Every structure is written in structure tokens, then in C-alpha cells.
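Residue numbers start from 1 in every chain, and the chains themselves are labelled A, B, ... in the order their sequence lines are given, proteins ahead of strands. Note: hydrogens, waters and symmetry copies are ignored here, and every other heavy atom, side chains too, is used. These numbers were taken from a predicted model, which means no experiment stands behind them.
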Amino acid sequence: MSPIHPAWVRASHGLNAVAVLVMVASGWRIYNASPLFGFAFPEAITLGGWLAGALQWHFAAMWLLAANGLAYLALNLATGRLFRRFLPLSPRGVLRDMAAALRGRLAHDDPRRYNQVQRLAYLFVMLDVALLVVSGLVLWKSVQFDMLRELMGGYEAARRVHFAAMAALVGFVAVHLVMVALVPRTLRTMIRGS
Amino acid sequence: MEKRSRLSTSDAQLALRDARRLLAPRIAQHDRRAFLTRTLSLGGLALLSGCEITSQAGVEQALSAVSRFNDQVQGWLFDPNALAPTYPASMITRPFPFNAYYGVDDAPRWTKRTTGSRSPAGWPTAGRGAWPTCGP
């Protein structure tokens with residue numbers, strides 16, 4: 001029987017997890033150097049030590065995040081997995097599965113089939129990471145990517161977009177980890193494939 | 001006195017097969033659990049050893065290598081005709097944000113000493129204009 005997650009999905013999931021961990025931890029340190037809001041992230045959970053160190057980490061892991069993300073999207077499209085696993089998706093289906101999940105009646109019998117809430121969450125996080133990359137390009141080279149900058153509503157707005165997309169990603173990861181803890185076999189299938 | 005099994009050989013084999021069938025899922029379960037604990041502790045170890053990773057020589061080298069690569073990419077992206085947007089003077093933040101790793105109050109203040117007689121040998125003595133000016 002073929003694995004639940006093909007090897008390329010598992011490899012790209014692992015690389016993405018590392019990239020996201022480094023990007024978020026170093027991003028928090030960069031944020032601390034010039035906070036947008038009235039708080040800073042505790043230094044202990046940031047990466048890089050100081051602004052320049054955090055920037056080095058951030059600008060190194062961005063290549064991993066972007067290259068791995070592009071390879072994932074390309075393979076997902078080429079193999080048709082994107083359409084098989086994540087579509088169709090309907091608002092009614094999401095509400096139905098959400099209600100079933102809240103009543104503790106959502107079946108997890110077939111790990112090859114994502115329920116509507118999972119489909120929504122995974123498609124959302126793909127778009128969210130894409131938004132992080134695009135807003136990040138504006139923050140990295142705001143003069144050279146002037147069209148993107150104007151689309152974001154200027155440099156300051158791009159900072160807010162980047163922050164909001166980070167918060168959404170961290171929220172997704174938190175829920176994702178709780179779900180994995182509730183259904184531990186999903187961790188095994190994502191590492192070993194079956 | 002020899003204690004003999006009351007089961008015949010074929011019965012014993014059947015009983016053994018049944019027992020294996022009953023135990024197999026538990027063993028698989030145990031395997032999974034062991035797999036999970038091992039993976040989780042490996043992850044924890046990786047995080048623990050992650051303290052102060054930036055200061056390790058290998059990591060620093062790798063980061064500098066990527067940084068040099070980034071310099072190339074930035075050079076390649078650079079368009080000399082692209083201009084930064086201009087903003088009206090009313091948008092200037094006051095007080096102007098001081099951009100350094102030390103606070104504005106800790107900024108070094110330089111004083112110029114231009115009396116020729118106190119200059120060490122080899123330093124310019126041609127008057128005030130010869131000295132570089134630094135600081136605010």
C-alpha cells in the first residue's frame with residue numbers, strides 16, 4: 001500500500017517546520033529592535049541574540065522557506081495532490097465538520113481523506129505563508145519591489161501585514177500541534193509515511 | 001514426576017497462534033509509543049542544544065556564507081533607477097527615531113582638539129579643518 005504521505009511531502013514538511021521555526025524566532029528578535037505595538041517578545045524565545053544576528057538567521061532561512069515552499073507547490077500541482085486532497089471545499093461542509101468536531105463526533109477513520117476543516121486550515125496556511133513571503137520581499141527590498149510595496153499600501157503597512165500573517169501562522173501551528181497531540185498517529189504518518 | 005501439557009501438539013500450536021494474534025497489536029502499540037517518545041526526546045535534545053547556537057564557529061561561517069550570497073542577490077536585484085518614495089515633511093516622526101544599538105543618550109560625543117602642540121607625532125596639525133568630524 002502506498003504511504004499516506006509520499007516521501008516528498010514528508011521531506012518538505014520537515015524542512016518547512018525547521019524554516020518556520022527559525023523564521024519566527026529570528027523574526028521576533030527583529031521585531032524587538034523596533035516594536036510595532038506596545039510589547040516585545042521575551043529574548044529567551046528569540047533567535048540571533050541581537051538585531052544583526054537575527055537578520056542573518058532570517059535572511060538565511062528565508063531561502064529554505066521559499067525554495068522548499070515553491071518545490072512543494074510545484075509538486076502538489078504536478079501530481080494533482082492539491083486538488084485530490086484539498087478540494088472540493090465548501091462553507092457548508094466546513095460548518096458541518098466544525099460542528100461535528102466540537103461535539104467530538106468527527107471521524108478520523110481514513111487518514112488519506114482530510115475533512116473540510118483540515119482542508120480549509122491547510123489551504124489557509126499555504127496562502128498565509130505566500131503572503132508572508134510577498135510582504136517579506138517588500139520589507140527586504142522595498143525600493144526594488146516598489147509595485148509590491150504599493151500593493152501592500154506602503155512600507156509601514158507591509159510591516160503590519162507581515163506581523164499579522166506571522167500571528168496567523170503561529171496560531172495555525174498552535175492548533176496544528178494540539179491536533180497532533182490529540183491524534184498522535186498523524187505525527188507517525190508524517191515522519192514514516194504509514 | 002514429569003509435568004505434561006494437557007494440549008496436543010496441534011492444539012498447542014493453535015493456542016500459540018491465538019496468543020500471538022492477541023499480543024501483536026499491543027506490541028505494535030508499544031512500537032509506536034517508543035517511536036513517539038524517541039522522536040520527541042530527539043526533538044527536545046535538538047532544542048536544548050540550540051542554546052547559543054549563533055556563537056558556534058560553524059554556524060557563524062554558514063550564516064556569513066549565506067550573507068555573502070545575499071549580497072550578490074541584492075546586487076543583482078539593484079536597479080539604479082528605482083527611487084525610494086518621498087514623503088511630506090509632516091510625516092516625519094518627532095522625536096526622530098535614533099537608529100543604533102545604544103540609546104540616544106549614550107551616543108558618543110566627540111570633542112576636537114586642534115592645538116598643534118598637543119598632537120602626537122604624525123597626526124595632522126594643519127588646523128581644525130584637517131580633523132574628521134564625527135557625531136551629532
Side-chain angles (χ1 to χ4, degrees), chain A residues 14 17-18 21-22 25-26 29 32-35 43-64 66-67 137-138 140-150 152-158 177 180-181 183-192 194, chain B residues 25 28-44 46-48 50-56 58-88 91-93 96-103:
Chain A
V18 172
L21 190 67
V22 172
S26 58
R29 188 63 194 77
N32 283 356
S34 172
E43 302 276 303
I45 54 168
T46 65
L47 178 65
W50 65 307
L51 176 59
L55 284 169
Q56 274 199 323
W57 278 101
H58 209 68
F59 292 160
M62 72 179 184
W63 294 111
L64 178 62
L137 278 178
V138 173
W140 183 44
K141 298 282 108 188
S142 77
V143 175
Q144 307 305 330
F145 294 108
D146 52 349
M147 180 118 88
L148 280 181
R149 187 190 63 228
E150 292 314 310
M152 291 273 150
Y155 184 86
E156 280 300 313
L177 291 179
V180 170
V183 192
R185 87 185 146 160
T186 53
L187 178 62
R188 196 171 48 100
T189 56
M190 192 40 97
I191 294 173
R192 271 201 325 206
S194 56
Chain B
Q29 203 92 51
H30 174 263
D31 260 5
R32 283 180 204 178
R33 207 164 294 154
F35 170 77
L36 276 181
T37 10
R38 255 180 258 135
T39 335
L40 291 180
S41 47
L42 196 69
L47 280 179
L48 271 181
C51 313
E52 292 300 322
I53 28 183
T54 315
S55 49
Q56 284 175 21
V59 175
E60 257 176 37
Q61 266 177 5
L63 286 175
S64 318
V66 179
S67 193
R68 281 194 298 277
F69 169 70
N70 283 344
D71 289 345
Q72 284 185 333
V73 176
Q74 288 174 102
W76 172 71
L77 277 175
F78 181 72
D79 170 10
N81 299 314
L83 292 176
T86 50
Y87 301 95
M91 284 178 76
I92 296 175
T93 310
F96 194 79
F98 181 69
N99 189 12
Y101 63 87
Y102 40 79

request  = Please assess B:Val66 against A:Phe59 for the test side-chain contact (heavy atoms from CB on, under 4.5 Å), listing each intermediate value before the final yes or no.
outcome  = CA-CA 8 Å; B:Val66 179; A:Phe59 292 160; over 6 Å; no
Side chain / backbone / both / neither for B:Phe78 at chain A, heavy atoms under 4.5 Å =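 Backbone plus side chain of B:Phe78, per the 4.5 Å heavy-atom cut-off to chain A.
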key: Partners meeting salt bridge (charged side-chain N to carboxylate O under 4.0 Å, His left out) with A:Glu150 (sequence neighbours left out)   =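 Residues passing salt bridge (charged side-chain N to carboxylate O under 4.0 Å, His left out) with A:Glu150: none at all.
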key: A:Trp50, CH2 atom: more than 12 neighbouring heavy atoms under 6.0 Å   =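 Counting neighbours around CH2 of A:Trp50, 12 or fewer heavy atoms of other residues, nucleotides or ligands fall under 6.0 Å, so no.
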message = On a heavy-atom basis, which atom in B:Ala82 and which in A:Val143 lie closest, and how many Å separate them?
response =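 Residues B:Ala82 and A:Val143, closest heavy atoms: O-CG1, 3.7 Å.
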query = Shortest non-hydrogen contact from B:Leu77 to A:Lys141?
reply =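 In this case the closest contact between B:Leu77 and A:Lys141 is CD1-CG, 4.0 Å.
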